[in-house]
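Okay, structure first, notes after.
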Amino acid sequence: MPAKPVQIGDLHFARKGDATKFFQEMLYRYDLGDRVSEADASILTDLVSMHPEFLEKIGSGIDSFSVRSGDFGTQCFWVNRTDGTAEKFSFRACY
């Protein structure tokens, strides 16, 4: 089966696995509770726009992103919305 390329904003990955590795490395650069840098937030904005539940995830709009606990003790990205609420999202669901 041929590799499936992935395009996320200006980023191009030859394979889905390359994109997964990139976002896992980004995720684990942060400690739980950390706010994501502006540079990474720009990439995550492009990424979350590809999520099948994009409108539900962004709600009132994106204020910032952070890293917090997810299900089953995992670490995951969270969208911090402009209304003060937050929603987790899986980067794997986006591509």
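The basis for the numbers below is simple: all heavy atoms, side chains too, and nothing from hydrogens, waters or symmetry mates.
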Do [X] and [Y] have side chains that approach each other closer than 4.5 Å (heavy atoms only, starting at C-beta)?
X	Y	answer
F65	Y30	no
F91	C76	no
V67	V36	yes
Q24	R92	yes
F77	M26	yes
S69	L32	yes

Residues 32-48 vs salt bridge (charged side-chain N to carboxylate O under 4.0 Å, His left out), sequence neighbours excluded, gives R29-D40
Salt bridge (charged side-chain N to carboxylate O under 4.0 Å, His left out) contacts in which one or both residues fall within residues 47-59, not counting sequence neighbours:
K57-E87
Contacts of R68 meeting side-chain hydrogen bond (donor to acceptor under 3.5 Å, both in side chains) (sequence neighbours excluded), chain-then-number -> S66, N80
What is the minimum heavy-atom distance between A3 and A14, and which atoms define it?
CB-O, 3.9 Å
Rounded to the nearest 0.5 angstrom, the OH-CE distance for Y95 and M50 is 9.0 Å
V6-F23 co-clustered via ILVMFWY side chain contacts under 4.5 Å
yes
Note: D18-K21 ion pair, threshold 4.0 Å (strictly below):
no
Salt bridge (charged side-chain N to carboxylate O under 4.0 Å, His left out) partners for D63, two or more places apart
none
Please list, chain by chain and in numerical order, all residues satisfying salt bridge (charged side-chain N to carboxylate O under 4.0 Å, His left out) with D71, sequence neighbours excluded.
K88
Please check if the side chain of T45 supplies one atom and the backbone of A41 the other of a donor-acceptor pair under 3.5 Å.
yes
For F22, give me all partners under ring-ring contact (aromatic ring centres under 6.0 Å, His included), at least two apart in sequence or on another chain.
F13
